[in-house]
Amino acid sequence: MTETSSDIDRAAGWLRAGGLVALPTETVYGLGANAEDPAAIARIFQVKGRPPSHPLIVHIADADQLDDWVEEVPVTARLLAEHFWPGPLTLVLRRGRRVPLEATGGLETVAVRVPDHHLALALLSAFGGGVTAPSANRFGSVSPTTADHVRTELGDAVDFVLDGGPCQVGVESTIVDVTGEFPSILRPGGVTREDLEAVLGIPIGVPSTSHVRVPGQHPSHYAPRARVVLVEPEKVVAEAKTAQELGHRVGVLLPASLTGTAMTAHAVVTLPGSMDSYAHGLYGFLRELDQQGCDLIVASLPAEEGLGLAIANRLHRAAGPRSSA
Ligand code: AMP
Ligand code: MG
């Protein structure tokens with residue numbers, strides 16, 4: 001981490017010139033472009049291999065700028081922004097005129113957030129506008145949580161990589177739709193449902209994982225190369241043994257409660273006990289098992305509370321049916 005103010009200036013220069021800048025946030029690394037530059041936005045989709053109908057998140061420097069990007073700010077949105085920004089919460093609101101349809105996948109709504117990372121905030125301030133950024137990985141694969149992940153996966157397709165070290169949270173933002181009568185969670189993430197409910201004072205809906213209706217969410221997403229199989233925690237060891245004996249190169253995400261258990265497997269990652277550390281490490285663990293040549297990853301779901309909800313959602317997605325697209 002040797003970023004200086006000149007790196008921020010160079011990154012801002014690339015954004016102004018229509019370039020792509022990978023930027024660190026507290027969730028995952030983003031692949032950023034000027035949110036008002038349709039040609040630059042088109043390059044994001046091209047580099048990611050992402051269908052252009054999948055909307056992006058517009059990142060801004062400060063909650064005070066929200067009004068510049070959306071049609072109106074309902075009271076609930078104002079409250080959530082005041083409470084959780086900067087932070088891993090994305091609000092879906094009605095699109096303001098400033099936001100090109102290219103950034104929203106043609107939708108009349110726009111997703112906006114203020115990231116909680118000093119370099120992202122420095123870049124947004126230096127640039128002065130909004131930066132639209134999906135995760136800086138190829139479509140469908142595991143999100144990058146270090147600058148090296150971005151360099152390895154996207155290489156020269158990115159004009160500038162701003163290295164901010166490992167992402168602190170490690171899973172994507174929570175996306176909350178505040179366009180309706182009641183807010184609803186479209187994607188669980190770094191801000192927990194319990195945190196949201198405590199601030200709003202009402203229960204808040206989460207779609208069941210099998211019926212996620214966020215555009216841009218396909219059955220398989222956040223997926224490593226290896227196939228992912230989910231089993232009950234007490235079946236992890238037996239499942240790994242059977243698959244390994246059948247000739248698979250099995251990687252295991254071993255629940256913390258089973259630390260030290262003897263295993264038959266190609267590679268084992270023992271998970272940390274805290275959900276914060278689990279989320280922080282999740283994508284790195286999946287990448288590591290890919291790197292070790294595993295073709296099958298056996299894992300189990302954490303309890304769906306707190307950050308466990310986001311982790312379980314990502315593991316479900318990683319285990320989803322693979323499309324050939
Ligand atoms: P990613 O960039 O890979 O984290 O993806 C950004 C996420 O934000 C995707 O899941 C999008 O579907 C979601 N998103 C962006 N804009 C909207 C919107 N207007 N309505 C609903 N979801 C959105
Ligand atoms: Mg993504």
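The first residue of the sequence shown is numbered 1, and numbering continues consecutively from there. In listed order, ligands and their atoms are each counted from 1. In this text the structure is predicted, and so the values were computed from the model without any measurement.
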Inset, instruction - Could you tell me whether ligand 1 has any atom less than 4.0 Å away from a heavy atom of Arg50? - result: yes

Legend entry - ligand 1 N/O within reach of Arg187 N/O, cut-off under 3.5 Å: yes

Inset, instruction - Scan for side-chain hydrogen bond (donor to acceptor under 3.5 Å, both in side chains) pairs involving residues 67-79, sequence neighbours excluded, and state none if there are none. - result: Asp67-Arg78

Legend entry - Note: Glu26-Arg113 ion pair, threshold 4.0 Å (strictly below): yes

Inset, instruction - Starting at CZ of Arg187, measure out to CD1 of Ile175 and round the result to the nearest 0.5 Å. - result: 3.5 Å

Inset, instruction - Taking atom types as modelled, find out whether Asp195 and Thr192 have a side-chain donor-acceptor pair closer than 3.5 angstrom. - result: yes

Inset, instruction - Classify the side-chain pair Thr264/Glu245 by whether it contains a donor and acceptor separated by less than 3.5 Å. - result: no

Legend entry - Numbered atoms and elements of ligand 1 in range of Ile57, under 4.0 angstrom, heavy atoms: 6 (C), 8 (O)

Legend entry - Ligand-residue contact atoms, ligand 1 with Leu186, heavy atoms, under 4.0 Å: 21 (C)

Inset, instruction - Flag the pair His221 / Phe139 as yes when their ring centroid distance falls below 6.0 Å, and as no otherwise. - result: yes

Legend entry - For Ile175, atoms of ligand 1 separated by under 4.0 Å from a heavy atom: 7 (C), 8 (O), 13 (C)

Legend entry - Phe285 and Tyr278 aromatic ring geometry - parallel, tilted or perpendicular at 30°/60° bounds: tilted

Inset, instruction - Using a strict 4.0 Å cut-off to heavy atoms of Ser135, name the atoms of ligand 1 that fall inside it. - result: 1 (P), 2 (O), 3 (O)

Legend entry - Part of Thr104 within contact of ligand 1 (heavy atoms, under 4.0 Å): neither

Legend entry - Contact atoms of ligand 1, heavy-atom distance to Pro134 under 4.0 Å: 2 (O)

Legend entry - Tally, protein N/O/S atoms nearer to the Mg ion (ligand 2) than 2.8 Å: 1

Legend entry - Part of His54 with heavy atoms under 4.0 Å of ligand 1, whether side chain, backbone, both or neither: neither

Inset, instruction - Would you kindly specify which portion of Thr109 sits under 4.0 Å from ligand 1, judged on non-hydrogen atoms: side chain, backbone, both or neither? - result: both

Inset, instruction - Can you tell me which residue pairs pass the salt bridge (Lys or Arg N to Asp or Glu O under 4.0 Å) test with a partner in residues 281-299, sequence neighbours excluded? - result: Glu153-Arg287

Legend entry - hydrophobic_cluster_shared for Val112 and Leu79, side chain cutoff 4.5 Å: yes

Legend entry - Side chain proximity check, Glu108 to Arg95, heavy atoms < 4.5 angstrom: yes

Legend entry - Which residues share a salt bridge (charged side-chain N to carboxylate O under 4.0 Å, His left out) with Asp148, sequence neighbours left out: Arg151

